[in-house]
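Position 1 is the first residue of the sequence, and the numbers go up from there. Since we're looking at a predicted model, the values are computed, not measured.
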Amino acid sequence: MTNTYVGSIDQGTTGTRFIAFDHSGQIVANAYERHEQIYPEPGWVEHDPVEIWENTQAVVERGLREADIDAEQLEALGITNQRETTVVWDADSGRPVHNALVWQDRRTTDRVEELESAEKVEWIREKTGLEADAYFSATKTEWLLDNAEPLKMQRSRDDDLRSRAEAGELMVGTIDAWLIYNLTGEHVTDVTNASRTMLYNIHELSWDDDLLAEFDVPAAMLPEVRPSSDETLYGHTDPDGFLGAEVPVAGALGDQQAALFGQTCFDEGDAKNTYGTGSFYLMNTGTEAVDSDHGLLTTVGFQLSGEPVQYALEGSIFITGAAIEWLEDVDLINNAAQTAELARSVDSTDGVYMVPAFTGLGAPHWDGRARGTIVGMTRGTRKEHIVRATLESIAFQTRDVAEAMEADSGIETTSLRVDGGAVKNSFLCQLQSDVLQIEIARPQVDETTALGAAYAAGLAVGYWGSVDELRDNWQIDREFSPEMARATADRRYGRWGDAVERSLDWAREE
């Protein structure tokens, strides 16, 4: 195993990272590139899939070059990706028909409200484990087929996108499928990404004909669904392609499931929270899909080759790290690192609450028309209070989800594994421990999303022999215990609920 590695492509909302890991799960190569965020209209968010593919090639090449690793030394490649973001592309040319619609995109909110009016929400939840929401890929795919400009290269003018899709001339996929296609030529997705499309039946583990009919998505467009760690492999990179080597592509997981896997949450009741653009709290529920009565999603956690699917409950919080970016956008801070020192400089928010509902609220509220709100300000409110209130909003939103998680699963959480960019902020980790009144465990390797994808690919090719080997790799960097009195935490959290009420149902059509 010396001098061989597993590579991970971590394609996120704001950029693409390549990391190579050694046998002990340590990082040996790392490169990152941001991509453009495209906002054609308020509430619309797009990415250029071609830019994402070009950046993917660039970071893999640069990461290997800077670490002096040859592509031949990669035993496998794994992929993890921003979930739900949807691409439709031409099967012949491989060219997208339109920009990708990003998970944050709200343009299909009206369509979701139609589903609500038609009382189809429960029907969708029973099949998919998901809330009917513009967040998922189904309404995005429907919108692309109805509204994307027909391709310039089409053979005749009346060949609209729908008839081309039915003829198998177009492909649809989430970003993992787009990257696997470009890397290997195969049209494949994994079971975790499929479970986020609102087109996949998580109980029968197949694309659902009724849902395909509802959203008018031809089955011919869809990728084949495979285990997250696949011993039969998704395919190989082209030896004549950008890597110049035939590397197996053997694992894929949506980013949050990859973090669950990278945090070695392999057992029922294990939980992690990832603090990225949004925050995603997942609990492994074993081989049983637990239905939620408290606004959580039931989702596929992961699947190993030849083994049953493991399910998870998920609380999706749309805006956490992005709220820190907003503080930067409006010049309240110069960089994210400043938030801790500013927040620490005041004892409390002086009654200020910030609800970062910039793209609506996710779990457990599910209100696409909620909007960002700051309440409780006085003439004495300073930027330090607003910065602290923003950090507190991350912790409070997590408690919203944690309480729903306990109510649904019947499992009391005593410790939470955390990861993602924001957990470098020890002030936030301590605040999270105080608000939840539980232990917070921060691992040594905080790139757990990339690590999870590497683990999945490495297991598939035998680079790691078992999940026990992966458990042994997991090391704690620091643990945080509650320092705030429970009564204080409960009181502040109670007022948070009042602030959330103020933000609900704000965005109305003019």
Side-chain angles (χ1 to χ4, degrees), residues 10-13 45 47 79-88 100-106 108 112 124-144 172-180 188-208 211-212 214-215 217 221-228 251-261 274 276-285 289 292 295-303 309-318 359 362-363 366 449 452-453 456:
D10 181 354
Q11 204 303 296
T13 309
V45 193
H47 293 156
I79 292 170
T80 179
N81 53 288
Q82 51 166 321
R83 302 172 307 171
E84 299 95 18
T85 297
T86 307
V87 189
V88 173
L101 303 196
V102 179
W103 59 274
Q104 298 159 313
D105 188 283
R106 307 305 300 176
T108 57
V112 171
I124 289 171
R125 190 190 290 118
E126 280 168 12
K127 288 172 176 288
T128 65
L130 307 176
E131 287 286 326
D133 196 86
Y135 174 36
F136 304 108
S137 314
T139 60
K140 298 182 194 301
T141 307
E142 182 181 46
W143 188 94
L144 285 165
V172 67
T174 40
I175 295 289
D176 59 306
W178 168 244
L179 293 180
I180 292 167
V188 167
T189 190
D190 98 293
V191 64
T192 67
N193 279 295
S195 81
R196 310 296 297 188
T197 58
M198 216 160 77
L199 297 169
Y200 188 76
N201 190 312
I202 63 167
H203 308 287
E204 293 173 11
L205 300 177
S206 61
W207 298 115
D208 190 278
L211 291 170
L212 296 184
E214 172 67 43
F215 297 104
V217 176
M221 301 179 74
L222 292 161
E224 182 189 350
V225 183
R226 304 275 278 277
S228 319
L253 292 143
D255 52 10
Q256 303 312 323
Q257 285 93 334
L260 188 76
F261 206 75
T274 299
T277 305
S279 279
F280 298 86
Y281 188 129
L282 271 73
M283 178 189 278
N284 182 332
T285 62
S292 173
L296 301 178
L297 307 177
T298 306
T299 196
V300 173
F302 57 88
Q303 184 184 22
V309 157
Q310 297 242 30
Y311 293 95
L313 277 171
E314 171 175 329
S316 319
I317 304 167
F318 293 158
T359 55
W366 294 105
T449 305

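- Heavy-atom minimum distance, Ala456 versus Ser228: CB-O, 3.7 Å.
- If you take OG on Ser195 and CD on Gln303, they are separated by 11.0 Å, rounding to the nearest 0.5 Å.
- Between Asn81 and Asp255, the side chains place no donor N or O within less than 3.5 Å of an acceptor N or O (distance only, hydrogens not considered).
- Across every non-hydrogen atom of Ile180 and Ala252, the tightest pair is CD1-CB, 4.3 Å.
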- Verdict with supporting geometry, Asp176 and Thr189, side-chain hydrogen bond (donor to acceptor under 3.5 Å, both in side chains): CA-CA 6 Å; Asp176 59 306; Thr189 190; 2.6 Å; yes

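- Residues Ser137 and Thr197 bring no donor and acceptor atom of their side chains to less than 3.5 Å of each other.
- Glu224 pairs by the salt bridge (charged side-chain N to carboxylate O under 4.0 Å, His left out) definition with Arg226, not counting sequence neighbours.
- Side-chain contact annotation: Thr86 with Thr141, donor-acceptor N/O pair under 3.5 Å absent.
- For the atom pair Thr449 OG1 and Gln257 CD, the distance stands at 10.5 Å (nearest 0.5 Å).
- The nearest pair of heavy atoms linking Ala312 to Leu282 is CB-CD2, 4.3 Å.
- For the pair Leu144/Leu101, a side-chain contact is recorded, criterion being any heavy-atom separation below 4.5 Å from C-beta on.
- Distance OG1/Thr359 to CG/Asp105: 10.0 Å, rounded to 0.5 Å.
- The main-chain N or O of Val102 is found under 3.5 Å from a side-chain atom of Lys140 such that the two form a donor-acceptor pair.
- Scored by the salt bridge (charged side-chain N to carboxylate O under 4.0 Å, His left out) test, Arg106 finds Asp133 as partners (sequence neighbours excluded).
- Taking both residues in full, the closest heavy atoms of Ile124 and Ala132 are given as CD1-CB, 4.3 Å, listed atom of the first, atom of the second, then distance.
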- Criterion ring pair (Phe, Tyr, Trp, His ring centres under 6.0 Å) on Trp366 and Phe318, from CA distance to verdict: CA-CA 10 Å; Trp366 294 105; Phe318 293 158; 5.8 Å; yes

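- Under the 3.5 Å distance criterion, the side-chain polar atoms of Tyr281 are left unmatched by any main-chain donor or acceptor of Leu313.
- Using cut-offs of 30° and 60° on the angle between ring planes, the pair Tyr135 and Phe280 is parallel.
- Put simply, OG1 on Thr298 and OH on Tyr311 are 10.0 Å apart, with the number rounded to the nearest 0.5 Å.
- You'll find the side chain of Trp103 reaches within 4.5 Å of the side chain of Thr277, heavy atoms only.
- With sequence neighbours left out, the salt bridge (charged side-chain N to carboxylate O under 4.0 Å, His left out) criterion links Glu214 to Arg111, Lys120.
- Looking at Leu297 and Ser316, their side chains come closer than 4.5 Å, going by heavy atoms from C-beta outward.
- Listed by chain and residue number, Arg196 satisfy the salt bridge (charged side-chain N to carboxylate O under 4.0 Å, His left out) test with Glu84 (two or more places apart in sequence, or in another chain).
- For Thr85, the side chain to side chain donor-acceptor pair (under 3.5 Å) criterion is met by Gln82, not counting sequence neighbours.
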- Query: How far apart are the C-alpha atoms of Thr13 and Gln104, what are their side-chain angles, what is the distance that settles it, and do they pass the side chain to side chain contact (heavy atoms under 4.5 Å, CB included) test?
  - Reply: CA-CA 9 Å; Thr13 309; Gln104 298 159 313; 3.8 Å; yes

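- Panel note: side chain Tyr200, backbone Thr128; no donor-acceptor pair is recorded below 3.5 Å.
- Side-chain contact between Thr80 and Gln11 is absent, with no heavy atoms from C-beta onward closer than 4.5 Å.
- In this structure, Glu131 and Gly295 approach most closely via the heavy-atom pair OE2-CA, 4.4 Å.
- Thr192 is linked by a side chain to side chain donor-acceptor pair (under 3.5 Å) to Asp190, counting only residues two or more places apart in sequence or in another chain.
- The CG atom of Leu253 sits 10.5 Å away from the CZ atom of Arg83 when rounded to the nearest 0.5 Å.
- Side chain of Trp207 to backbone of Pro223: a donor-acceptor contact under 3.5 angstrom is found.
- Between Arg125 and Leu130 the shortest side-chain heavy-atom distance does not fall below 4.5 Å.
- The two residues Ala258 and Ala453 come nearest to each other via the heavy atoms CB-N, 4.2 Å.
- Residues Thr108 and Glu142 are not in side-chain contact: their nearest non-hydrogen atoms beyond the backbone lie 4.5 Å or more apart.
- Gln310 contributes no side-chain N or O that, together with a main-chain N or O of Val300, makes up a donor-acceptor pair within less than 3.5 Å.
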